[in-house]
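What follows is one structure encoded as structure tokens, with my remarks underneath.
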Amino acid sequence: MPYPKHRPEVGHARVEDTPEGEAWIWRVQCACGQTAHVPHHHRLDAEAAADEHKAAVAPPENQRCREPLKHRTRWHDWCALCVDQAVLPGFENLTGVAG
């Protein structure tokens, strides 16, 4: 699979040593390993970092999955079914699927 699935989650708070002393720290954990090294002192900051990571790894708007419910993908995942498909002639201006 050339495109890994990203599922960033905010872990449980843990007491860790910081330069200021011990503090409750939240970390964002994703299978790609790019997010675990950044400590967050507030859960909302960690959740915002998870959302930022999803936006950073998301495919461009024109390359996102055309049918995420049927293909079981999320907005920030590459879709193995849609990634290499060309748009049919005459349908270039369509942006969504009616359903």
Side-chain angles (χ1 to χ4, degrees):
M1 177 184 259
Y3 303 105
K5 290 189 177 185
H6 294 268
R7 299 291 186 263
E9 295 180 357
V10 177
H12 297 288
R14 294 183 181 182
V15 176
E16 295 185 12
D17 287 329
T18 65
E20 295 83 23
E22 289 186 343
W24 287 100
I25 300 294
W26 284 265
R27 294 190 184 270
V28 179
Q29 300 163 348
C30 185
C32 68
Q34 297 177 0
T35 59
H37 63 280
V38 179
H40 301 280
H41 293 278
H42 300 283
R43 182 171 178 83
L44 291 177
D45 291 342
E47 290 173 359
D51 292 339
E52 290 173 9
H53 178 67
K54 289 176 189 176
V57 299
E61 190 82 29
N62 61 349
Q63 295 180 1
R64 292 190 184 161
C65 183
R66 296 180 198 110
E67 297 187 52
L69 292 177
K70 288 184 181 180
H71 297 167
R72 297 181 184 173
T73 61
R74 296 183 183 169
W75 69 269
H76 55 85
D77 284 335
W78 291 87
C79 178
L81 297 171
C82 295
V83 71
D84 293 325
Q85 290 183 358
V87 179
L88 292 173
F91 292 94
E92 295 89 0
N93 295 331
L94 296 178
T95 58
V97 177

Check: residues 9-28 side-chain donor-acceptor pairs under 3.5 Å, at least two apart:
| residue | atom | partner | partner atom | Å |
| --- | --- | --- | --- | --- |
| Glu16 | OE1 | Arg27 | NH2 | 2.7 |
| Glu16 | OE2 | Arg27 | NE | 3.2 |
| Thr18 | OG1 | Glu20 | N | 3.4 |
| Thr18 | OG1 | Gly21 | N | 3.3 |
| Thr18 | OG1 | Gly21 | O | 2.4 |
| Arg27 | NH1 | Ala36 | O | 3.0 |
| Arg27 | NH1 | His37 | O | 3.3 |

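- Listed by chain and number, the residues in a side chain to side chain donor-acceptor pair (under 3.5 Å) with Arg74 amount to none (sequence neighbours excluded).
- Residues satisfying the ring pair (Phe, Tyr, Trp, His ring centres under 6.0 Å) test with His53, not counting sequence neighbours, are His6.
- Residues satisfying the side-chain contact (heavy atoms from CB on, under 4.5 Å) test with Ala56, not counting sequence neighbours, are none.
- Taking a 6.0 Å sphere around NE2 of His42, one finds it holds 12 or fewer heavy atoms contributed by other residues, nucleotides or ligands.
- At distances below 3.5 Å, at least one donor-acceptor pair connects side-chain atoms of Arg64 with backbone N or O atoms of Pro59.
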Go through Asp77 and Arg7 one step at a time and tell me if the side-chain contact (heavy atoms from CB on, under 4.5 Å) criterion holds.
CA-CA 9 Å; Asp77 284 335; Arg7 299 291 186 263; 2.6 Å; yes
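- Annotation: the span from Lys70 atom NZ to Cys79 atom SG amounts to 12.5 Å, rounded to 0.5 Å.
- Scanning both residues, Ala50 and Pro8, for their nearest heavy atoms gives O-CG, 3.8 Å.
- The salt bridge (charged side-chain N to carboxylate O under 4.0 Å, His left out) pairs that include a residue from residues 47-58 are Arg43-Glu47, where partners are two or more places apart or lie in different chains.
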